[in-house]
Amino acid sequence: MGVGLLEPKAVRPRRARATVRVFAVLIVGLPLAAVVIAAVMLKTSQARLEASPTALAKITLPLGGGQIQRVIVARTLDQRAIPVTISHGLITPSVLVPVGERLTIDVIVKRPGWNAWLTGARQELHLTLTTPAASVRFRYVTVRAGRPLRIRFRSPVRVVELGQSTRALQRTVLPAPKRVIKVPVDAVAGTIAVAGAPRTWEQPRATLLSWFPAGASATAIASPAPGSTITPHTPITLTVSKPVSKVFGNSMPPVSPDTPGVWHVLNSHTIRFIPTGYGYGLGANVVVALPAGVHLVGAAQSGGVSQGRWTVPGGSTARLQELLAGLGYLPLNFTQTGTPVADTIAAQEDAAVHPPGGSWSWRYPSTPSDLVSEWQVGSFGELTKGAIMAFENDQGMVADGIAGHDVWKALITATVNHRVSNFGYTYVNVSEGSPEAIAVWHNGKTVVTGPVNTGVPAAPTATGVFAVFEHLTVTTMTGINPDGSHYSDPGIPWVSYFNGGDALHGFIRASYGFPQSDGCVEMPFAQAAQVWPYTPIGTIVNVHA
């Protein structure tokens, strides 16, 4: 029969004990046979509550029957009630109860009417017990080729749970209790999550069991498995077939690239590297080399040394653009939807690989149409390259426009610390029309216009969109003229190189507005001096017909 959930409350035996004392007084002076009969009647009129080898507990009703009026099973830690069912006096939880859980059981039994006058109408029973547990006997075992893995428990189990991790287990109820469970394996070494419970209504606690090939050499298992993709902050765990002290001694295996972090000894056979700070870095190829003679399952061998290798994904172009826009290196605003990315290194690195969604808008209402046409979300074009170069230049880095590990690190640092650029955004439009002219647009306004000279037909200025890669107040220009002669022009002022040897710069000519140069965009000195402050490294220059 089922018993509903009842709130537990303190119970105090009252009438039953008083009645027993009265009965004891009454039997004094009776013949011996009468005393024996009275004692038997007293004993058989008592209900009993005791532990059960299969259920949680067992209730034995008094002679002549009786009625269970209330059963309360509760955790001793928080007094939270546990629903149970009762059948043939067996109390069984109707939900899974963890192994090793300490419980209290309170039962109220109504005695049959014929002896209620003798021992009281009700009997209150109390029992405290701990649900049984069964632990794995050996956590590091060897398995011969072609043989199953034998999992040994310290006591028989009725429930076994197995899985790839402690969070993903498959539950099996055995037809009869067993101490040894055989599991087929197809790998020479590995790790499996194991849990066992003596009762079918229990929830066991999982532990990790590792197996290795039989033999004298040491074998190691890595988690995650070598060759897998990890994050910049993924811990790497090594479990070895022999004690850690014998395999590694006092020297933990090196991690490449050089990564801030610490190796921790988890137990006699397991160590774990936990990266800190920026971890391995975005786009990193992580390598852990083991001592000679130690075989790492799934790892490549190099000169007799096992090397575990893992890959960290690089940051996405979409997130790169979002960060550059947020720091002021693009003429756009990005508005994220959903929960903002936290100002932590780990959160920003995760967002670099899995960029949040959102919407884009132009920062300035009068953005040139040619500039608008060059922009594409998630596409690595010259605008994105130029923004990276501008950021690199501000950080004192080599402005190559490549978003490598160091660039991502610097971008995330600037984002977390809210260090934005105050320069603004410049776009240079060079027209090879007639007359040839330049228009410099900065922060939503055209700030400089004027005539220019581009390359003659024998040495034309390349058309296209380019980012400025060198910015000089004055330099000496050398090269070869279209007729094959060499030139060397010192003192060329206000120079911004944007494509090979092509540059914006000042140059004295009798007139401007038509092709005269060897490929550069020439301007009067005064005009070049006005343009130069607006064209630092990373500035986009668009040369078109």
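Because the structure is predicted, anything quoted here is derived from the model rather than measured. When reading the values below, keep in mind they use all heavy atoms of this one structure, side chains included, and skip hydrogens, waters and symmetry mates.
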Exercise answer: donor-acceptor pairs, residues 347-362 side-chain atoms, under 3.5 Å, sequence neighbours excluded:
unit_1	atom_1	unit_2	atom_2	d
Gln348	OE1	Arg319	NH2	2.9
Gln348	NE2	Ala342	O	3.2
Glu349	OE1	His233	NE2	2.5

Practice task
Using distance alone, with no hydrogens and no angle criterion, decide if Thr311 and Thr229 have a side-chain donor and acceptor under 3.5 Å apart.
Solution key: no

Problem - Residues Thr426 and His442: side-chain donor-acceptor under 3.5 angstrom - result: yes

Taking [X] for the side chain and [Y] for the main chain, is one N or O donor matched with an acceptor at less than 3.5 Å?
| X | Y | answer |
| --- | --- | --- |
| Ser306 | Ala299 | no |
| Thr270 | Asn267 | no |
| Trp494 | Gln530 | no |

Problem - Non-hydrogen side-chain atoms of Val341 and Thr415 separated by less than 4.5 Å - result: no

Problem - Sub-4.5 Å side-chain heavy-atom contact between His269 and Arg139 - result: no

Sequence neighbours excluded and cut-off under 3.5 Å, please list the side-chain donor-acceptor pairs for residues 193-201, or say none.
unit_1	atom_1	unit_2	atom_2	d
Arg199	NE	Pro53	O	3.3
Arg199	NH1	Pro53	O	3.3
Arg199	NH2	Pro53	O	3.2
Trp201	NE1	Thr54	O	3.0

Practice task
Just jot down the salt bridge (charged side-chain N to carboxylate O under 4.0 Å, His left out) partners of Glu522, sequence neighbours excluded, or say none.
Solution key: Arg509

Practice task
Compute the centroid of each ring, for Tyr280 and then for Trp310, and state whether the two points are separated by less than 6.0 Å.
Solution key: no

Problem - Considering all heavy atoms, the nearest Leu290-Val294 contact - result: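 Heavy atoms of Leu290 and Val294 come nearest at CD2-CG1, 3.6 Å.
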
Problem - Smallest separation among heavy atoms of Pro451 and Tyr512, with atom names - result: CB-CB, 3.9 Å

Exercise for the section: Look at atom CG of Asn250 and say whether more than 12 heavy atoms of other residues, nucleotides or ligands are closer to it than 6.0 Å. Expected result: no

